[in-house]
Amino acid sequence: MEQLSENQIAALSSFVDTERFSTGISNRELHLHDISAHRGVLPAGIIWPVSTHEIAEIMTYTYEQDIPLTPWGAGTSTEGNPVPTRGGLVMDLTRMDKILEIRPQDLQADVQPGVLRKELNRQAGSHGLFFPPDPGADATIGGMIANNASGVQTVRYGATRDYVMRLTVVLPSGQVIHTGCRANKSSSGYDLTRLFVGSEGTLGVVTEATLRLTGIPSHHLAATVTFTKLEHASKAVALMMGAGLDPAALELLTPELIGLMNREKDLGLPEVPSLFCEFHGISEAALRETATVAEELCSDCGATGFRSGVAENERRDLWRARHEAWETIHRAHPGKETLIVDAAIPISRYPGMVIFSQTLLKEQGAVGYVFGHAGDGNLHVVLVGAPDNQEEWSVLEHINEKIVARAVELGGTCTGEHGVGIGKRKFMELEHGRSYQLMRQIKELIDPKELLNPGKIF
Ligand SMILES: Cc1cc2nc3c(=O)[nH]c(=O)nc-3n(C[C@H](O)[C@H](O)[C@H](O)COP(=O)(O)OP(=O)(O)OC[C@H]3O[C@@H](n4cnc5c(N)ncnc54)[C@H](O)[C@@H]3O)c2cc1C
């Protein structure tokens, strides 16, 4: 649906201020793609609501009129998650950007969905608190809830799911519901909050959330560890996790990626298999002890260097470079797109999986970079190619399929954090079997007309 009728335009315009509804081509094109190579169907209009009431009115109308509706956060997804597949209306939530209340004594914040993660952390920081889930991008809270986003600190602090206590959601037909509560525990009925977390905007639009916050750690220590072999590095990961060192971040990087990072950011890092680690604790003495144990374990696995106590500015540079890995890869291959593998597996299987992926890349002669949130078994392979070059792109698809099939075989998942979107739909049956049917039934129950973010997950 690339066009709205005049009546529909008039009705939609009546729900919001004039400048918050647009049928202009540039706004529509801006909401046609996220960072992936997936392309959708040009939406007929974009609407920027500012309240739950406006959203309920808009959705009641679009449902009556059979207009497909796709929620949109910051558009930083990697699988086409917010890309409209049937045109219609895109609902851009970025103007609902108010932090409604921070309650430091309860370690909680009430926020609108368009609040950006970094802004929440800036404001929570003045109370000594933070919201730990940290995808590299400055995503909206609504987009993070919808994708159940996580990141480098998930190994210690958990994913977005672990921080969502209560939601206000507008269902596809316009009905407003509240899920969860502000108590730290509850055994009251089905956990509907968790049903909406990770549902990628296919079941409802989140219009308000109560989030759990946590205290900013008083001390942190960063370390870089080098190895001659990738399997040694990934074995060290399993060992450190098994020893209960509880790292706040434990990232694996391969020489090819470090090479790109050095060239772009002048980091001067040895271009060998490496781990970036970070530990959080209550005192420097405790952290020094942790680092000593980590160093011993790494050297047992064949580490050639262990550098701890990295200075604050260097630590910041390292993490920024890691967070910007995807952009760095993209810039190093102008004119190409990326296909991102996001498999996750039990950590004991991580070393084998890393080798499996590296070997596959070599065998297929493809350009790709292996790295990942090793501490929680999440492996990324950023594959580089041109989607309009059928031959080249199908090799990348083949690699993706092989890695996912292996991950599922090992008891893992096709997506550790990026969500299903368009790109991972084809793996859902394989991964979930009959449960996938139940997911479909839940979707049919809540959205019988399949109008909310259609073409995603299913
Ligand atoms: C450089 C880079 C690094 C990244 N690293 C990570 C990482 O380490 N970990 C990780 O998890 N992700 C990562 N991502 C992916 C991305 O940042 C996250 O998935 C993020 O949660 C997307 O949020 P967004 O605000 O951009 O949402 P969008 O991309 O706009 O939307 C995401 C999904 O949420 C839905 N949605 C948006 N708002 C709402 C709402 N209010 N109610 C209901 N549904 C809604 C959309 O329809 C869509 O399905 C990275 C992205 C980039 C560009």
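All values below come from the heavy atoms of this structure, side chains included, with hydrogens, waters and symmetry mates left out. As the structure lists them, so they are numbered: ligands from 1, and atoms in each ligand from 1.
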> What pairs of residues pass the ring-ring contact (aromatic ring centres under 6.0 Å, His included) test when at least one of them lies in residues 29-77, not counting sequence neighbours?
Replying inline: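 Residue pairs passing ring-ring contact (aromatic ring centres under 6.0 Å, His included), neighbours aside: Phe15-Tyr61, His31-Trp72.
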> What residue and atom, counting heavy atoms only, is the protein's closest point to atom 43 (C) of ligand 1, and at what distance?
Replying inline: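 Minimum-distance protein heavy atom for atom 43 (C) of ligand 1 reads Gly204 O, 3.4 Å.
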> Nearest to atom 35 (C) of ligand 1, what protein heavy atom do you find, and at what distance?
Replying inline: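 Here the closest protein heavy atom is Ala146 CB, 3.5 Å.
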> Between Tyr163 and Arg161, is there a cation-pi geometry (under 6.0 Å to ring centre, at most 45° from the normal)?
Replying inline: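 No, Arg161 and Tyr163 do not form such a contact.
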Residue-level breakdown please: for [X] versus ligand 1, do any non-hydrogen atoms fall below 4.0 Å on the side chain, on the backbone, on both, or on neither?
{"X": "Ile35", "result": "side chain"}
{"X": "Glu327", "result": "side chain"}
{"X": "Thr140", "result": "both"}
{"X": "Glu324", "result": "neither"}
{"X": "Leu93", "result": "side chain"}
{"X": "Asn147", "result": "side chain"}

>> Tell me the nearest of Gly201, Ser150, Gly151, Gly421 to atom 10 (C) of ligand 1, using heavy-atom distances.
In response: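 Checking each option, the heavy atom nearest atom 10 (C) of ligand 1 is found in Ser150.
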>> I'd like the name of whichever of Pro135, Gly419, Ser199 reaches closest to atom 12 (N) of ligand 1 through any heavy atom.
In response: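 Considering heavy atoms of Pro135, Gly419, Ser199, the nearest to atom 12 (N) of ligand 1 sits in Pro135.
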Flag [X] as yes when one of its N or O atoms lies below 3.5 Å from any N or O atom of ligand 1, and as no otherwise.
{"X": "Ser77", "result": "yes"}
{"X": "Glu200", "result": "yes"}
{"X": "Trp72", "result": "no"}
{"X": "Gly73", "result": "yes"}
{"X": "Glu417", "result": "yes"}
{"X": "Thr76", "result": "yes"}
{"X": "Pro113", "result": "no"}

> Pro454: what forms a side chain to side chain contact (heavy atoms under 4.5 Å, CB included) with it, not counting sequence neighbours?
Replying inline: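 Once residues adjacent in sequence are excluded, the partners of Pro454 under the side chain to side chain contact (heavy atoms under 4.5 Å, CB included) criterion are Pro68, Thr70, Thr85, Arg86.
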> Considering the options Arg322, Arg315, Arg316, which one meets the salt bridge (charged side-chain N to carboxylate O under 4.0 Å, His left out) requirement together with Glu278?
Replying inline: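 It is Arg315, the one option of Arg322, Arg315, Arg316 that forms the salt bridge (charged side-chain N to carboxylate O under 4.0 Å, His left out) with Glu278.
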> Aromatic rings Tyr157 and Phe130: how do their planes relate, parallel, tilted or perpendicular, breaks at 30° and 60°?
Replying inline: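 Tyr157 and Phe130: perpendicular rings.
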> Between the main-chain N or O of Val420 and the side-chain N or O of Glu200, is there a donor-acceptor pair closer than 3.5 Å?
Replying inline: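 Answer holds: yes.
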>> Using the rule given for side-chain hydrogen bond (donor to acceptor under 3.5 Å, both in side chains), can you reason through Thr415 versus Asp342, listing the C-alpha separation, both sets of side-chain angles and the distance that settles it, and then say yes or no?
In response: CA-CA 5 Å; Thr415 172; Asp342 174 37; 2.6 Å; yes
> Do you see a donor-acceptor pair shorter than 3.5 Å between the side chains of Ser77 and Asn147?
Replying inline: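 Yes - a donor-acceptor pair under 3.5 Å links their side chains.
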> Tell me, do Leu230 and Thr254 make a side-chain contact under 4.5 Å, heavy atoms counted?
Replying inline: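 Touching, per the 4.5 Å side-chain cut-off.
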